[in-house]
Amino acid sequence: MRALIQNELRQSRKQLLIWLGVMLLVIGFCYYEFLSLKDSLSDVAQMLAGFPALLNIMFGVKGRLDTALGWYSCIYFWTAILAFTYALSLGLSCVAKEIRRGTSAYLFTKPVSRKQIVMAKVIASIADLLVFSVFCGGCSYVMIVLPAGGLERPGAAVTTTVGLFLTQVMFFAAGLLIASLVKKYKSAVQVGTVFLLASYVAAITAQYAGLPLLDYFSPLRYFDVYEVTVNGIRFPCLVTAIILIALCIAAAARKWQLREVTPS
């Protein structure tokens with residue numbers, strides 16, 4: 001099991017580094033964008049205040065941009081798109097890539113159960129997501145939070161990073177389940193893309209309509225950066241997220257164990 005995890009970590013290292021590099025570039029661009037807009041942020045914030053509420057929600061504006069919280073939550077919204085896309089793609093390709101490469105026939109004949117192979121890949125992928133979240137959280141703190149003056153709530157940068165990680169794991173688990181249910185990888189990617197877009201639509205609808213019940217239909221609403229910064233992580237959301245993650249991974253592992261593996 002340990003050897004399988006180490007092997008998976010080695011194989012996914014290059015992809016992780018590429019995504020980390022892209023995230024660093026995006027956050028770095030946001031830092032220089034802040035420096036260029038620093039003196040006029042109050043004017044921008046006043047202009048955005050006159051925009052329709054739906055438009056502000058769609059672009060991640062949940063507070064005044066001339067405050068640290070408003071700027072951080074807005075930038076987080078855009079960087080999170082990359083983070084969640086990476087997590088979903090990791091879930092979709094976690095096991096399916098062995099079928100695409102033609103190595104599944106060899107891998108699944110090793111003297112370990114197919115369930116152990118899948119779980120080793122899951123553990124390695126979650127470790128990659130943890131590295132990604134910590135890296136993203138650290139860069140955001142240094143290049144977004146500190147230049148903007150720091151967040152008022154102590155430890156908010158840590159709790160929002162934890163929220164980012166848990167949301168990524170939710171998307172990963174969903175991607176893993178989708179890949180186990182849909183036989184062809186291309187079709188799984190299409191279903192995953194629809195799921196990601198539907199999650200954003202559900203999140204925007206929940207915020208605009210002001211219906212807390214809709215929050216549970218989108219992974220994006222479980223650990224919303226603005227609400228986590230102000231109020232911390234909500235316990236019901238934390239418990240529900242963990243249950244959903246466990247159920248998705250367990251169901252996916254079961255499906256992969258029983259699935260007839262054919263090239264997609």
*Asks:* Could you check whether F132 and F165 have their ring centres less than 6.0 Å apart?
*Replies:*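 Ring centres of F132 and F165 not closer than 6.0 Å.
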*Asks:* Determine whether more than 12 heavy atoms belonging to other residues, nucleotides or ligands lie under 6.0 Å from atom OH of Y200.
*Replies:*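 Yes, OH of Y200 has more than 12 neighbouring heavy atoms, counting only those of other groups under 6.0 Å.
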*Asks:* For V61 and F51, what are the C-alpha separation, side-chain angles and deciding distance, and is it a side-chain contact (heavy atoms from CB on, under 4.5 Å)?
*Replies:* CA-CA 10 Å; V61 180; F51 284 11; over 6 Å; no
*Asks:* Taking atom CG of N56 and atom OH of Y208, what is their separation to the nearest 0.5 Å?
*Replies:*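 These two atoms lie 11.5 Å from each other.
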*Asks:* Within a strict 4.5 Å, meaning less than it, do heavy atoms of the T159 and T229 side chains meet?
*Replies:*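 Heavy-atom side-chain distance check fails, nothing below 4.5 Å.
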*Asks:* Please indicate whether L213 has more than 12 foreign heavy atoms, meaning atoms of other residues, nucleotides or ligands, lying under 6.0 Å from its CG.
*Replies:*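 Atom CG in L213 is not packed in, count stays at 12 or less.
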*Asks:* Distance check, rounded to the nearest 0.5 Å: L35 atom CG versus M143 atom CE?
*Replies:*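 One finds 11.0 Å between CG of L35 and CE of M143.
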*Asks:* Shortest non-hydrogen contact from A127 to L9?
*Replies:*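 It is CB-CD2, 4.2 Å.
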*Asks:* Under the ring pair (Phe, Tyr, Trp, His ring centres under 6.0 Å) rule, what do F77 and F59 come out as? Steps first, then yes or no, please.
*Replies:* CA-CA 8 Å; F77 175 83; F59 286 94; 8.1 Å; no
*Asks:* Would you give the length of the straight line joining atom SG of C74 to atom CG of L69, rounded to the nearest 0.5 angstrom?
*Replies:*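 Answer for the SG-CG pair, C74 versus L69, is 11.0 Å.
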*Asks:* When rounded to the nearest 0.5 angstrom, what distance separates CH2 in W71 from NZ in K38?
*Replies:*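 Between atom CH2 of W71 and atom NZ of K38 there are 12.0 Å.
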*Asks:* Quick check on F195: does its CZ atom have over 12 non-hydrogen neighbours (other residues, nucleotides or ligands) under 6.0 Å away?
*Replies:*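 More than 12 heavy atoms, drawn from other residues, nucleotides or ligands, come within 6.0 Å of this atom.
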*Asks:* If we only count heavy atoms from C-beta on, is the T79 to M23 side-chain gap below 4.5 Å?
*Replies:*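 T79 reaches M23 side chain to side chain.
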*Asks:* Would you check if T67 and Y72 make a side-chain contact, meaning some heavy-atom pair closer than 4.5 Å?
*Replies:*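 No, side chains not in contact.
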*Asks:* Apply side chain to side chain donor-acceptor pair (under 3.5 Å) to residues Y185 and S93 and explain how you reach the verdict.
*Replies:* CA-CA 8 Å; Y185 178 72; S93 64; 4.8 Å; no
*Asks:* For F84, run the ring pair (Phe, Tyr, Trp, His ring centres under 6.0 Å) check against F172, F171, W78 and tell me which one passes.
*Replies:*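 Among F172, F171, W78, the one that satisfies the ring pair (Phe, Tyr, Trp, His ring centres under 6.0 Å) with F84 is F171.
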*Asks:* Using a cut-off of 6.0 Å, state whether more than 12 heavy atoms not belonging to Y216 lie near its atom OH.
*Replies:*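 More than 12 within 6.0 Å, yes.
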*Asks:* Are L197 and V189 in one and the same hydrophobic cluster, where Ile, Leu, Val, Met, Phe, Trp and Tyr link if side-chain heavy atoms are under 4.5 Å apart?
*Replies:*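 Cluster IDs for L197 and V189 differ.
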*Asks:* For L130, does its backbone N or O pair with a side-chain atom of S133 as donor and acceptor, under 3.5 Å?
*Replies:*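 Here the side-chain-to-backbone pair does not exist.
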*Asks:* Side chains of V169 and L129: closer than 4.5 Å at any heavy-atom pair?
*Replies:*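 Yes. Closest side-chain heavy atoms under 4.5 Å.
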*Asks:* Using modelled atom types and a 3.5 Å cut-off, is there a donor and acceptor pairing between side-chain atoms of R64 and backbone atoms of G70?
*Replies:*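 Checked: no pair found.
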*Asks:* I'd like to check Y76 versus L164 (side-chain heavy atoms, cut-off strictly below 4.5 Å). Are they in contact?
*Replies:*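 Contact flag for Y76/L164 side chains = yes.
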*Asks:* Kindly indicate, with the supporting measurements, whether the criterion side-chain contact (heavy atoms from CB on, under 4.5 Å) is fulfilled by V230 and R153.
*Replies:* CA-CA 7 Å; V230 175; R153 185 182 176 91; over 6 Å; no
*Asks:* Which heavy-atom pair separates L92 from G175 by the least distance, and what is that distance?
*Replies:*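 Looking at all heavy atoms of both residues, the closest pair is CD2-O, 3.4 Å.
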*Asks:* For D215 and Y222, indicate whether the former's side chain and the latter's backbone hold a donor-acceptor pair under 3.5 Å.
*Replies:*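 The answer is no, because no donor-acceptor pair under 3.5 Å joins these two groups.
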*Asks:* How many angstroms lie between atom SG of C136 and atom CH2 of W19, to the nearest 0.5 angstrom?
*Replies:*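 One finds 12.0 Å between SG of C136 and CH2 of W19.
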*Asks:* Going by heavy atoms in the side chains, are F34 and I144 under 4.5 Å from each other?
*Replies:*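 A side-chain contact under 4.5 Å is absent here.
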*Asks:* Side chains of I178 and Q190: does their closest heavy-atom pair fall under 4.5 Å?
*Replies:*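 I178 vs Q190: side chains apart.
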*Asks:* Is the side chain of E8 donor-acceptor paired with the backbone N or O of S125 at a distance under 3.5 Å, no angle test?
*Replies:*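 Not confirmed, E8 side chain does not pair with S125 backbone.
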*Asks:* Would I57 end up clustered with L211 when hydrophobic side chains under 4.5 Å apart are linked, directly or stepwise?
*Replies:*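 Cluster IDs for I57 and L211 differ.
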*Asks:* Between CG of L54 and CD1 of I204, what distance do you get to the nearest 0.5 Å?
*Replies:*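 One gets 7.0 Å once the value is rounded to the nearest 0.5 Å.
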*Asks:* For Q46, look at atom CD and say whether over 12 heavy atoms of other residues, nucleotides or ligands are found less than 6.0 Å away.
*Replies:*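 Count not over threshold, so no.
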*Asks:* Apply side-chain contact (heavy atoms from CB on, under 4.5 Å) to residues I75 and S140 and explain how you reach the verdict.
*Replies:* CA-CA 9 Å; I75 299 304; S140 296; over 6 Å; no
*Asks:* Between R221 and E227, is a salt bridge (Lys or Arg N to Asp or Glu O under 4.0 Å) present by the stated rule, with each step listed?
*Replies:* CA-CA 9 Å; R221 292 294 298 156; E227 295 172 12; 2.8 Å; yes
*Asks:* Shortest non-hydrogen contact from A241 to M170?
*Replies:*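 Of all heavy-atom pairs spanning A241 and M170, the closest is CB-SD, 3.7 Å.
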*Asks:* Please check: side-chain N/O of T240 versus main-chain N/O of C237, any donor-acceptor pairing under 3.5 Å?
*Replies:*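 Flag not set: sc T240 to bb C237 has no pair under 3.5 Å.
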*Asks:* Give a yes or no on whether the backbone of F29 and the side-chain of E33 come within a donor-acceptor separation of less than 3.5 Å.
*Replies:*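 No; zero donor-acceptor contacts below 3.5 Å.
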*Asks:* Identify whether L214 and V201 are in the same connected component of the hydrophobic contact network (ILVMFWY, side-chain heavy atoms under 4.5 Å).
*Replies:*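 No; V201 is not reachable from L214 via cluster members.
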*Asks:* When you look at Q168 and L90, which way does the side-chain contact (heavy atoms from CB on, under 4.5 Å) test go after all the steps?
*Replies:* CA-CA 10 Å; Q168 279 192 293; L90 196 62; over 6 Å; no
*Asks:* Quick one about T161 and Y141 (side-chain donor to acceptor, distance below 3.5 Å, no hydrogens or angles considered), yes or no?
*Replies:*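 Judged by distance alone, the side chains do not pair up.
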